[in-house]
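These notes concern the structure reproduced below.
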Amino acid sequence: MQEDDYAAARRLPLADIPVVDLSADPAEMQRSLYRAVTGIGFFYLVGHGIAEETMERAFAVAQAFFALPEADKATVRVNQQQRGWMAGGLARLEGSRTHDLKEVFFWGREVSPDDPDLRAGLPLVAMNQWPDQVFPDLKRDLLPYYRTALTVGRRVLAAIAAGLGCPKPFFDAFYDRPLARGQLVYYPPSQADDEAAGRFGVAPHSDFGVLTLLLQDNRGGLQVRNLSGEWIEAPPIPGSLICNIGDLLQRWSNDRLVSTLHRVINRSGAQRYSIPVFYDPNSDARIDPCDLGIPVEVSRYDAVEAGAYIAARNRQNFTHYKEI
């Protein structure tokens, strides 16, 4: 790469990036995880218990969905509740030069028409748009992975709670009706016009919510900004998940935990896929640093409701909110 390459990143030895084994001795796992979330805020998860077959099925059905004709994907065109398929060109992150080079399928917790949160109009609570008429496999093959990812998220938050000096079940009360939104993301290979425009698959950003669990394929392209302000490659580790802290958890922890800037560029020459699950709490969960042991006089943040906070951030970054 040239020195002035807008997406230049250094590849470090894999041992320099935190790897947390959820199957390790619980005390050692908790210490390792807490070092990661108070350091770079970004780490690999292994020993998470999600079967390889479950992950492979999720990737396979993602690839098959994005390969559908546009007319079929458009039967579930993304709505203002951020459910369904978003075509390329509709995501432009705050401060970026141009739109992201990606397509996305959004879903979340399954809710019925009479769900109390839905009827109350809570932010980001919505019915999913599944393409059952044209592609019934998507829901069938994706939800098993989604359910197991939520279990992993609960375990990670329990370890974080313990590290913060709280009972391990602290977060459970905020997650009985979680937003827990997921995305299938397709990144076409970066082309010459994308490079000329300084376009990323996802421009540099931090995640808006509490905790992100990412399943990425073997193409590479994920880059993270470390504590020194340097962009580094985050190469895939087969069978692992990547976990990072979001802005809402950094806020909740009164900045004890770190929400990390990251970005994606697909220069592999092949199609790239990833499946992030944003393990966020109930829409009406009140997020207050004082609940995590911070005295009110040193709290840096006012209390906010999770759904309203995340929804406001979404509206700044997705063009489809303005076009629908």
Side-chain angles (χ1 to χ4, degrees), residues 22 37 45 48-50 54-55 57-58 61-62 76 78-86 104-112 115-130 138-161 168-185 206-216 241-252 257 259 274-287 304-314 318:
L22 285 185
V37 297
L45 281 176
H48 46 66
I50 302 180
T54 302
M55 295 188 289
R57 283 179 63 195
V61 80
V76 289
V78 68
N79 57 28
Q80 289 204 348
Q81 287 72 48
Q82 210 173 46
R83 297 295 190 273
W85 171 70
M86 184 178 72
V104 185
F105 176 82
F106 300 89
W107 83 97
R109 178 173 63 93
E110 290 278 88
V111 297
S112 63
D115 181 272
D117 288 353
L118 181 67
R119 292 172 65 89
L122 293 186
L124 299 178
V125 177
M127 295 183 66
N128 289 321
Q129 290 200 93
W130 297 108
L138 184 60
K139 180 178 179 179
R140 182 196 67 198
D141 290 350
L142 185 58
L143 287 186
Y145 171 75
Y146 174 70
R147 287 191 289 265
T148 54
L150 300 192
T151 299
V152 173
R154 186 172 183 268
R155 293 170 63 192
V156 171
L157 284 186
I160 290 174
K168 285 189 174 182
F170 169 82
F171 289 104
D172 289 356
F174 300 88
Y175 275 84
D176 59 322
R177 309 171 336 271
L179 291 175
R181 295 158 304 117
Q183 298 179 9
L184 303 179
V185 190
S206 56
D207 290 341
F208 308 148
V210 167
L211 190 72
T212 302
L213 300 162
L214 174 71
L215 182 62
Q216 64 171 336
L241 301 177
I242 288 177
C243 186
N244 64 274
I245 302 303
D247 297 345
L248 192 58
L249 186 51
Q250 178 170 324
R251 180 187 182 108
W252 205 351
L257 309 185
S259 180
S274 69
I275 307 176
V277 172
F278 301 96
Y279 191 55
D280 296 330
N282 305 345
S283 181
D284 59 357
R286 186 173 181 272
I287 308 303
V304 294
E305 289 196 352
Y309 174 86
I310 298 169
R313 298 288 301 278
N314 278 342
F318 292 101

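Numbers here are sequence positions counted from 1.
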Review point. From Q216 CD over to I275 CD1, what is the distance, rounded to the nearest 0.5 angstrom?
Key: 11.5 Å
Revision key, fill the gap. Rounded to the nearest 0.5 angstrom, the CG-CG distance for D284 and L122 is 5.0 Å
Point to revise | Backbone of R109 reached by a side-chain donor or acceptor of Y146 within 3.5 Å | key: yes
Revision key, fill the gap. In this structure, CG of L142 is separated from OG1 of T54 (nearest 0.5 Å) by 11.5 Å
Point to revise | D115/R177 under salt bridge (charged side-chain N to carboxylate O under 4.0 Å, His left out): CA gap, chis, key distance, verdict | key: CA-CA 10 Å; D115 181 272; R177 309 171 336 271; over 6 Å; no
Review point. What distance do M86 atom CE and F106 atom CZ have between them, rounded to the nearest 0.5 Å?
Key: 4.0 Å
Point to revise | Shortest non-hydrogen contact from F174 toward R286 | key: CE2-O, 3.6 Å
Review point. Under 30°, 30 to 60°, or over 60°: which ring-plane class applies to W107 and F105, parallel, tilted or perpendicular?
Key: parallel
Practice item. Ignoring hydrogens and angles, tell me if any N or O in the side chain of Q81 forms a donor-acceptor pair with the backbone of A126 under 3.5 Å. Key: no
Review point. Is there side-chain contact between V125 and L179, with heavy atoms separated by less than 4.5 Å?
Key: yes
Review point. Is there a donor-acceptor contact under 3.5 Å from the side chain of R83 to the main chain of L124?
Key: yes
Review point. Heavy atoms, side chains only, cut-off 4.5 Å: are D117 and S283 in contact?
Key: no
Practice item. Heavy atoms only: give me the nearest D247-S206 pair and the separation to one decimal. Key: OD1-OG, 2.8 Å
Check your understanding: Hey, does I245 have a side-chain heavy atom less than 4.5 Å from the side chain of L211?
Key -> yes
Check your understanding: How about V210 and L157: do any of their side-chain heavy atoms sit closer than 4.5 Å?
Key -> yes
Review point. Can the ring centres of F208 and F278 be said to be less than 6.0 Å apart?
Key: no
Study note, to complete from the structure: Between G84 and Q129 the two heavy atoms that sit nearest each other are CA-NE2, 4.0 Å
Practice item. Check whether any side-chain heavy atom of V152 lies under 4.5 Å from a side-chain heavy atom of L241, and answer yes or no. Key: yes
Review point. From L248 CG over to I287 CD1, what is the distance, rounded to the nearest 0.5 angstrom?
Key: 5.0 Å
Point to revise | Within the 6.0 Å centroid threshold, strictly below: W252 and Y309 | key: no
Check your understanding: Between atom CD1 of I242 and atom OG1 of T212, what is the distance when rounded to the nearest 0.5 Å?
Key -> 11.0 Å
Practice item. Can you see which heavy atom on D280 is nearest to which on G209, and at what distance? Key: OD1-CA, 3.4 Å
Check your understanding: Just wondering, do I310 and Q82 contact through their side chains at under 4.5 Å, heavy atoms?
Key -> no
Review point. Taking all atoms of both residues into account, what is the closest heavy-atom pair of C243 and L213, and its distance?
Key: SG-CD2, 3.9 Å
Point to revise | pair L150-Y175: side-chain heavy atoms closer than 4.5 Å | key: no
Check your understanding: Within a radius of less than 6.0 Å around CZ of R119, do more than 12 heavy atoms belonging to other residues, nucleotides or ligands occur?
Key -> no
Practice item. Might you point out which heavy atoms bring V304 and R251 nearest each other, and give the distance in Å? Key: CG1-NH2, 3.2 Å
Review point. Is a side-chain N or O of R155 found less than 3.5 angstrom from the main chain of H48, in a donor-acceptor match?
Key: yes
Review point. Given L138 and L184, is the side-chain contact (heavy atoms from CB on, under 4.5 Å) satisfied, shown in steps?
Key: CA-CA 11 Å; L138 184 60; L184 303 179; 3.6 Å; yes
Exercise for review: Carefully, step by step, assess R154 and Y279 under the rule side-chain contact (heavy atoms from CB on, under 4.5 Å).
Suggested key: CA-CA 8 Å; R154 186 172 183 268; Y279 191 55; 3.6 Å; yes
Point to revise | I160 vs V156 side-chain heavy atoms within contact, under 4.5 Å | key: yes
